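Read the structure below first, then the notes.
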Amino acid sequence: MFDDEKRQRAIEALGVLDTPPDERVDRVARLAQEMFGVPMVSVTLMDGDRQFRKAEIGLGGREAPRKDSFCDVTIRQEGTLVVEDAAADAAFAQNPFVMGDPHLRFYAGHPLQAPGGEQVGTLCIIDTEPRTLDERGRSLLRELALWVQAELTDADELDHATVVQRAMLPARTPTVPGYTLAAAAAPAGHLLGDVYDWQLLDGRLRVALADVMGKGAGPAIIASAVRASLRTAPERDLATAMGEIDRMLEDDIGGSNIFVTAVAADIDVATGAVEFVDAGHSLAFVLRAGGDWAPFHSTGLPLGMGFDETRTTSAAQLEPGDVFMVCSDGLLDILDPADPFRHVHDAIRSLGPDGAAREATRLAAERGAPDDVTVLVVRRDA
């Protein structure tokens with residue numbers, strides 16, 4: 001039996017009422033119009049006594065009364081509702097949407113379900129002329145409705161996941177006398193598979209960047225776990241901290257063919273001495289005040305590969321005017337392959353650390369980076 005109170009709770013929990021148009025949902029609506037050749041399409045969600053249209057084509061508005069609506073009939077039944085000629089159908093001939101605007105004659109709608117199975121709306125196609133819909137057409141409409149349903153529920157989950165992930169990135173940049181810090185990250189999709197961090201601890205600045213193989217929710221979860229582990233017991237030396245992350249990943253995701261490249265470094269604020277561990281990343285550098293690049297060479301395999309490697313530290317030095325930079329490999333995808341770091345060099349020199357970090361994310365958006373782009377920059381001021 002249809003439970004309207006349960007439906008209302010479900011649609012409110014979904015969090016999509018009165019939200020702006022969503023290109024992912026609009027795309028399905030446009031596809032439905034093209035496939036069925038109809039003048040009107042709607043992704044309709046029921047809210048109290050009104051219909052809210054998350055997407056609409058040809059209907060001229062995002063709201064309409066729920067009373068007497070064909071979509072309200074659709075959500076109260078199982079499966080697709082098809083009315084081939086409403087004016088000749090005794091159940092609908094006197095309907096105000098048939099007698100008046102939009103003078104509906106043909107209607108086909110399939111219910112949209114909330115994660116709990118409550119039928120909260122429809123994907124419907126409408127025409128002002130009678131028409132038929134064969135079994136293939138019904139199946140196609142059902143598949144498109146399931147696509148919309150996935151977009152609506154995934155969008156809600158992604159919104160929450162994005163909030164959680166944002167909370168796992170540093171909330172603020174530490175103030176370090178004599179140093180300028182900047183970082184920026186741009187996901188290739190909705191969620192970031194890279195993570196960066198920085199902490200000021202007893203006269204040393206600990207910075208880290210990790211890049212999880214792949215994109216999407218799985219790598220994002222692992223990236224957040226890596227950052228959380230680095231923040232646990234910060235008094236540990238770098239080799240111990242990275243070794244424990246290695247074992248954690250092997251215990252938790254061993255055999256999944258997902259691994260993590262990472263760089264973690266401790267910078268002595270007073271002297272500029274750098275101690276670092278590079279786990280297969282090979283994308284950490286010092287840009288010297290004179291303009292030369294000095295790479296931090298990799299000292300080990302990526303994390304989580306299952307070889308029980310003993311992590312060791314290496315040393316470098318930041319002199320006044322030098323810049324330490326570490327990035328994810330997504331940055332390489334959007335730079336000139338013939339001289340990838342010329343742009344980085346020029347950006348750091350002309351824009352400073354903060355401007356260079358912003359320039360990386362600007363390029364990622366402009367050039368459609370196929371992978372996550374993350375940059376962390378630390379300058380020892382002259």
Side-chain angles (χ1 to χ4, degrees), residues 158 161-173 181-199 206-231 238 241-242 245-246 248-249 252-253 256-265 276-285 295-296 298 300-305 324-335 340-341 343-344 347-348 353-354 356-378:
L158 283 168
T162 303
V163 169
V164 171
Q165 188 178 54
R166 192 160 52 240
M168 291 299 295
L169 291 174
R172 61 185 61 85
T173 304
L181 283 64
H190 294 282
L191 296 172
L192 187 67
D194 301 342
V195 67
Y196 69 87
D197 194 25
W198 41 34
Q199 291 177 284
R206 176 165 290 184
V207 298
L209 187 148
D211 183 355
V212 183
M213 183 186 72
K215 297 182 286 295
I221 292 168
I222 295 169
S224 296
V226 169
R227 177 180 182 263
S229 182
L230 278 171
R231 286 210 154 215
L238 285 175
M242 294 288 267
I245 293 172
D246 205 359
M248 175 195 74
L249 292 173
D252 292 346
I253 64 170
S256 64
N257 295 319
I258 294 178
F259 59 84
V260 181
T261 66
V263 172
F276 69 93
V277 176
D278 188 325
H281 196 71
S282 298
L283 289 171
F285 309 87
F296 283 19
S298 175
L301 294 171
L303 303 170
M305 293 195 73
F324 166 75
M325 188 201 82
V326 58
C327 64
S328 61
D329 59 5
L331 183 65
L332 304 182
D333 295 326
I334 58 174
L335 299 178
F341 287 101
H343 197 126
V344 178
I348 290 174
D354 192 54
R358 289 198 305 270
E359 174 68 2
T361 55
R362 185 193 69 79
L363 284 175
E366 179 183 278
R367 299 181 181 181
D371 199 0
D372 303 329
V373 174
T374 303
V375 176
L376 184 151
V377 184
V378 178

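As the structure is a prediction and not an experimental result, all values here were calculated from the model. Only this structure's heavy atoms are used, side chains among them; waters, hydrogens and symmetry mates stay out.
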Over all atoms of both residues, closest heavy-atom pair of Asp372 and Pro187: OD1-CA, 3.3 Å
Inter-residue atom distance Leu238.CG - Phe276.CZ, 0.5 Å rounding: 10.5 Å
Aromatic plane relationship, Phe296 with Phe324 - under 30° parallel, 30 to 60° tilted, over 60° perpendicular: tilted
Validation row: Val207, Val326 side chains within 4.5 angstrom (heavy atoms): no
Inter-residue atom distance Met242.CE - Asp278.CG, 0.5 Å rounding: 7.5 Å
Which atom of Pro353 lies closest to which atom of Val377, heavy atoms considered: CB-CG1, 3.7 Å
For Ala357, side-chain contact (heavy atoms from CB on, under 4.5 Å) partners two or more places apart: Ala182, Ala184
Asp329 side chain reached by Asp371 side chain, heavy atoms, under 4.5 Å: yes
Donor-acceptor side-chain pairing of Asp194 and Ser328 below 3.5 angstrom: yes
With Leu363, the side chain to side chain contact (heavy atoms under 4.5 Å, CB included) member among Asp333, Leu331, Leu335, Val373: Leu335
Trace of the side chain to side chain contact (heavy atoms under 4.5 Å, CB included) decision for Leu283 with Leu209: CA-CA 10 Å; Leu283 289 171; Leu209 187 148; over 6 Å; no
Donor-acceptor contact below 3.5 Å, side chain His281 vs main chain Cys327: yes
Side-chain donor/acceptor of Arg227 to backbone N/O of Val195, under 3.5 Å: no
Donor-acceptor under 3.5 Å (Thr361 side chain, Arg358 main chain): yes
Over all atoms of both residues, closest heavy-atom pair of Gly304 and Asp246: N-OD1, 2.7 Å
Test salt bridge (Lys or Arg N to Asp or Glu O under 4.0 Å) applied to Arg362 - qualifying residues, sequence neighbours left out: Glu359, Glu366
Closest non-hydrogen atom pair between Leu376 and Ala208, with its separation: CD1-O, 4.0 Å
